[in-house]
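Please read the structure below before turning to the comments.
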Amino acid sequence: MTGGPAPEIPALATSRLSTLGVLARLLRDPLSALPPEVHTAPVVEARFAGGQRLYLLDPALIQDALVRHADDLTKTSDIRRVLGPALGDGLLTAEGAHWRWQRRGAAPAFAPGRLAGFLPAMIAAADATARRWAALGEGAVVDIGHETTVTTFDIIVSTMLSGGAGLDVARVERSVSDYLAPAGWMFAIGVLGLPAWTPHPGRRRALAAARWFRGAIRDAVARRRAEPGGGGDLVTMLLGGADPETGRAMTDGELADNIATFIAAGHETTANGLAWAFHLLSRHPDQEERLVAEVQRVTGGGPVRPEHVEGLVLTRATFEEAMRLYPPAPLIARRARRGFPLGPARVEEGGVLVVPIHALHRHRLLWDEPERFDPDRFLPDRARARHRYSFMPFGAGPRVCIGAGFATLEAVAILAVLLRAFRVEGTTAAEPRPSMRVTLRPAAPIRMRLRARDPGNRASPT
Ligand code: HEM
């Protein structure tokens with residue numbers, strides 16, 4: 001940890017939160033159920049319902065656990081309980097050999113050399129949003145989270161499942177919200193060790209949303225089997241791939257699990273990160289002007305093209321700083337298959353390790369003025385000086401987000417295309433509250449007013 005912990009802070013703090021206290025907080029917002037010590041100590045130990053929970057905030061220990069001890073860890077049953085009904089046994093939720101095989105099959109689609117090939121589709125989707133905004137008229141007010149969701153959904157569907165397969169974005173957006181609404185209940189049921197079918201508020205609606213989503217994906221798979229094509233998108237790759245060890249190809253069910261996983265994991269997270277980025281920029285017009293000046297300089301005042309995106313260093317830093325303050329995946333957790341020593345603690349067999357990314361990214365032992373929005377923290381020189389695991393919006397170790405490079409490219413392209421054409425202003429002085437529903441979403445829609453910049457900056461005509 002940079003500088004080492006302050007002397008009065010114990011290396012291993014013990015949380016005094018009771019199981020009952022944690023349950024009540026989980027139902028309100030899982031982020032509020034974290035022991036308060038996570039904001040000051042490097043490691044916090046707690047016991048809920050008899051089981052050990054270790055909260056890690058020391059980057060070196062996080063690396064030790066998630067990378068060196070990766071084979072000693074599995075995902076927790078929580079993640080399967082919460083996401084399994086919607087995503088089945090796809091890449092995000094699978095374990096062991098089934099996970100490894102799927103990761104090998106999907107990895108080539110995300111290889112660095114291939115990512116640039118997605119940029120034309122990313123820019124086209126952002127241009128389509130810019131045209132939609134222009135049609136709304138000067139001063140129109142939009143829900144920025146909805147706007148970023150439509151844009152990232154358009155991108156994920158056109159790149160992963162070309163042709164879109166007739167998926168209705170409004171219906172998908174509604175199902176994701178309905179599905180995630182009772183997430184706090186699902187986590188609480190997990191802490192109590194109750195079965196997944198335990199009734200709770202919002203359960204019926206969530207299951208109906210999952211049924212609809214999976215049905216729509218299964219139809220898309222059937223259509224794709226009937227009419228092959230797709231020009232090298234992810235589905236073509238998964239359809240054509242076979243396990244190098246067994247020669248087995250994916251069944252329709254496995255294919256549906258993975259398409260559902262990529263669509264769900266691959267658009268809502270980036271959309272939330274972007275919504276927070278637009279909000280932060282609206283509160284810091286000086287930073288917004290710097291970003292727009294960078295875009296103008298790199299593009300020479302013309303439309304954003306694929307070859308410009310790599311040079312948009314401050315735009316990328318701005319997105320990273322937004323993800324520091326509002327990480328779209330605000331915590332990750334693992335269960336220990338066997339015990340091992342970890343810094344000042346001992347991980348017990350069956351114990352749960354939690355990396356509270358949201359708290360890590362605002363930890364005062366790691367960041368100067370952690371609450372301040374300062375994109376320059378992510379300019380290459382300053383970023384290099386930090387421990388790599390003090391910033392981990394995409395997780396770490398073998399289960400690190402496969403879409404990290406994809407998400408960053410699309411976010412930079414979207415910010416550049418939209419901000420060079422529009423100023424996006426806040427409509428209220430009240431600070432929007434984040435709420436964790438697996439992902440970190442604004443608790444209420446963030447409404448923003450659109451002001452066209454110089455008309456010469458509008459989206460390129462198609
Ligand atoms: C800003 C946007 C994104 C954020 C913050 C994010 C965050 C994460 C995190 C933290 C994990 C690891 C979870 C864990 O360790 O338990 C993860 C895994 C994953 N993400 Fe992302 N993600 C983003 C975008 C994407 C995109 C664009 C895609 C697909 C195109 C994607 C697909 C996945 C998949 C499939 C996994 C599971 C990987 C595995 O277990 O092998 N994500 N993501």
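In this text, all values refer to a predicted model and were calculated from it rather than measured experimentally. In each ligand, atom 1 is the first atom listed, and ligand 1 is the first ligand listed.
At a 4.0 Å heavy-atom cut-off, ligand 1 does not touch Ile357 at all. Residue-level proximity to ligand 1 for His267 is absent, since no heavy atom of it falls below 4.0 angstrom. Under 4.0 Å from ligand 1, not a single heavy atom of Glu268 appears. Under 4.0 angstrom from ligand 1, there are no non-hydrogen atoms of Met160.
Of all atoms in ligand 1, numbered sequentially from 1 with element shown, those under 4.0 Å from a heavy atom of Ile332 are 13 (C), 14 (C), 15 (O), 16 (O). Ligand-side atoms of ligand 1 in range of Phe406: 27 (C), range being under 4.0 angstrom from any heavy atom. Within ligand 1, the atoms closer than 4.0 Å to a non-hydrogen atom of Phe110 are 30 (C), numbered from 1 in the order shown. When each atom of ligand 1 is checked for a heavy atom of Met323 under 4.0 Å away, the hits are 1 (C). Each of the following atoms of ligand 1 lies closer than 4.0 Å to a heavy atom of Leu91: 35 (C), 39 (C), 40 (O), 41 (O). Each of the atoms 5 (C) of ligand 1 lies under 4.0 Å from some heavy atom of Pro328.
Within the 4.5 Å cutoff, no side-chain heavy atoms of Glu310 are placed close to those of His308. Contact check for Val172 versus Trp212: side-chain heavy atoms found under the 4.5 Å cut-off.
With 3.5 Å as the limit, one finds a donor-acceptor pair spanning the side chains of Glu294 and Thr315. One side chain, His69 or Asp72, offers a donor N or O that lies under 3.5 Å from an acceptor on the other. The closest side-chain donor-acceptor pair between Thr439 and Thr269, if any, does not fall under 3.5 angstrom.
Using a 4.0 angstrom heavy-atom cutoff, Lys75 counts as in contact with ligand 1. The closest approach between any non-hydrogen atom of Ile156 and ligand 1 is below 4.0 Å.
Within the protein, the N, O or S atoms sitting under 2.8 Å from atom 21 (Fe) of ligand 1 are Cys401 SG.
Judged by distance alone, the side chain of Gln63 and the main-chain N or O of Ala396 form no donor-acceptor pair under 3.5 Å. Between the side chain of Trp276 and the backbone N or O of Pro434 there is no donor-acceptor pair closer than 3.5 Å. Looking at Glu254, its side chain does come within 3.5 Å of a backbone N or O of Thr251 through a donor-acceptor pair.
Proximity of the aromatic rings of Phe378 and Phe319 is defined here by a centroid distance below 6.0 angstrom, and this criterion is not met. Proximity of the aromatic rings of Phe422 and Phe278 is defined here by a centroid distance below 6.0 angstrom, and this criterion is not met. No close placement of the Tyr179 and Phe213 rings is indicated, their centers lying 6.0 Å or farther apart.
Between Arg399 and ligand 1, at least one pair of N/O atoms sits closer than 3.5 Å. Below 3.5 Å of separation, one finds an N or O of Arg334 facing an N or O of ligand 1. Every N/O-N/O distance between Thr270 and ligand 1 stays at or above 3.5 Å.
The cationic group of Arg362 lies under 6.0 Å from the six-membered ring centre of Tyr326 and within 45° of the ring axis, placing it in a cation-pi geometry.
Of the protein's non-hydrogen atoms, the one nearest atom 38 (C) of ligand 1 is Arg103 NH1, 3.4 Å.
Every pair passing salt bridge (charged side-chain N to carboxylate O under 4.0 Å, His left out) that includes a residue from residues 256-269 is listed here, sequence neighbours excluded: Arg214-Asp257, Glu268-Arg441.
When every heavy atom of Thr261 is checked against every heavy atom of Gly90, the shortest pair comes out as OG1-CA, 3.9 Å.
Nearest to atom 7 (C) of ligand 1 by heavy-atom distance, out of Ala271, Ala107, Pro393, is Pro393.
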